[in-house]
Each structure stands twice: as structure tokens, then as C-alpha cells.
Amino acid sequence: PKQDKLETLEVTSEQFLNKFDSSPLEMKCEKFITSSFLGIAPSTARQLTYSVTKSYDSQLFEAEKQTLSATFLDFTAKMREMNCICFLRI
């Protein structure tokens with residue numbers, strides 16, 4: 001079935017922020033990341049969440065959206081630089 005997820009390595013800041021703004025603020029950050037972007041493992045989403053909120057179980061209302069966006073985009077930029085095989089389409 002088709003998923004309404006964005007291509008992780010192609011997402012822009014504007015797209016990230018639009019997804020954030022259209023998501024329920026009670027949603028856990030980890031769930032937001034895994035349900036919004038293709039190919040992100042729950043463990044990766046937890047680490048990204050922790051790096052922003054210093055908690056693994058934070059909800060969106062507890063995260064500063066600009067910081068979460070910048071952290072996520074920095075992560076994806078590093079994956080592109082490394083030509084991360086886990087995100088390459090076959």
C-alpha cells in the first residue's frame with residue numbers, strides 16, 4: 001500500500017516543518033519521524049529525538065520544531081555525503 005511518507009534524503013526544511021505542523025502535538029517525536037519519512041528505523045528516530053529533547057519519549061509539543069528540523073536535515077545531509085546504502089533505491 002502507498003504510504004504518505006517523504007523521501008528521507010530529499011526532504012526540505014519547508015516539507016519537514018509542514019509535516020510537523022500538520023501532526024498532532026501529542027504524537028511522540030519518534031513516531032512522527034518514522035511515520036513521516038521513508039527508511040528511518042525506530043532506533044534512529046529515538047536517537048534524533050534524544051539529541052533534541054534529551055529524552056527518548058518526547059512528544060512533539062516538547063520539541064522545538066526548528067531544532068528538530070535542523071537536526072533531522074543535518075542527519076540526512078550526512079547520509080547523502082556517505083552515499084548511505086540503506087537509503088539507496090534498488
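Values reported hereafter were calculated over all heavy atoms of this structure, with side chains retained and with hydrogens, waters and symmetry mates removed.
Pairing each heavy atom of T34 with each of K5, the nearest pair is O-NZ, 3.0 Å. Here the closest non-hydrogen pair linking S69 and L17 is CB-CD2, 3.9 Å.
At least one donor-acceptor pair closer than 3.5 Å links the side chain of S22 to the backbone N or O of K19. Formation of a donor-acceptor pair under 3.5 Å by the T76 side chain with backbone atoms of L73 is found in this model.
Take E64 and apply the side chain to side chain donor-acceptor pair (under 3.5 Å) test, not counting sequence neighbours, and it matches T67. Under the side chain to side chain donor-acceptor pair (under 3.5 Å) criterion, E62 pairs with no residue, sequence neighbours left out. In this structure A41 satisfies the side-chain contact (heavy atoms from CB on, under 4.5 Å) test together with S43, T44, sequence neighbours excluded. Applying the side chain to side chain donor-acceptor pair (under 3.5 Å) test to K65 and every residue at least two apart in sequence or in another chain returns D21. Under the side chain to side chain donor-acceptor pair (under 3.5 Å) criterion, D74 pairs with K78, sequence neighbours left out. By the ring pair (Phe, Tyr, Trp, His ring centres under 6.0 Å) test, F16 pairs with F32, F37, F72, sequence neighbours left out.
Applying the salt bridge (charged side-chain N to carboxylate O under 4.0 Å, His left out) test to residues at least two apart or on different chains, the pairs with a partner in residues 39-48 are E30-R46.
Hydrophobic clustering of Ile, Leu, Val, Met, Phe, Trp and Tyr side chains at less than 4.5 Å, counting indirect connections, unites V11 with M27.
Of the inter-residue distances, the one linking E81 atom CD with L9 atom CG reads 11.5 Å to the nearest 0.5 angstrom.
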I'd like a table of donor-acceptor pairs (distance under 3.5 Å, sequence neighbours excluded) in which one partner is a side-chain atom from residues 52-61, with atom names and distances.
residue: T53; atom: OG1; partner: T49; partner atom: O; Å: 3.0
residue: T53; atom: OG1; partner: S55; partner atom: N; Å: 3.3
residue: T53; atom: OG1; partner: S55; partner atom: O; Å: 2.9
residue: T53; atom: OG1; partner: S58; partner atom: OG; Å: 2.7
residue: K54; atom: NZ; partner: S51; partner atom: O; Å: 3.3
residue: S55; atom: OG; partner: D57; partner atom: N; Å: 3.2
residue: Q59; atom: NE2; partner: E26; partner atom: O; Å: 2.9

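No side-chain heavy atom of E10 sits under 4.5 Å from any side-chain heavy atom of L6.
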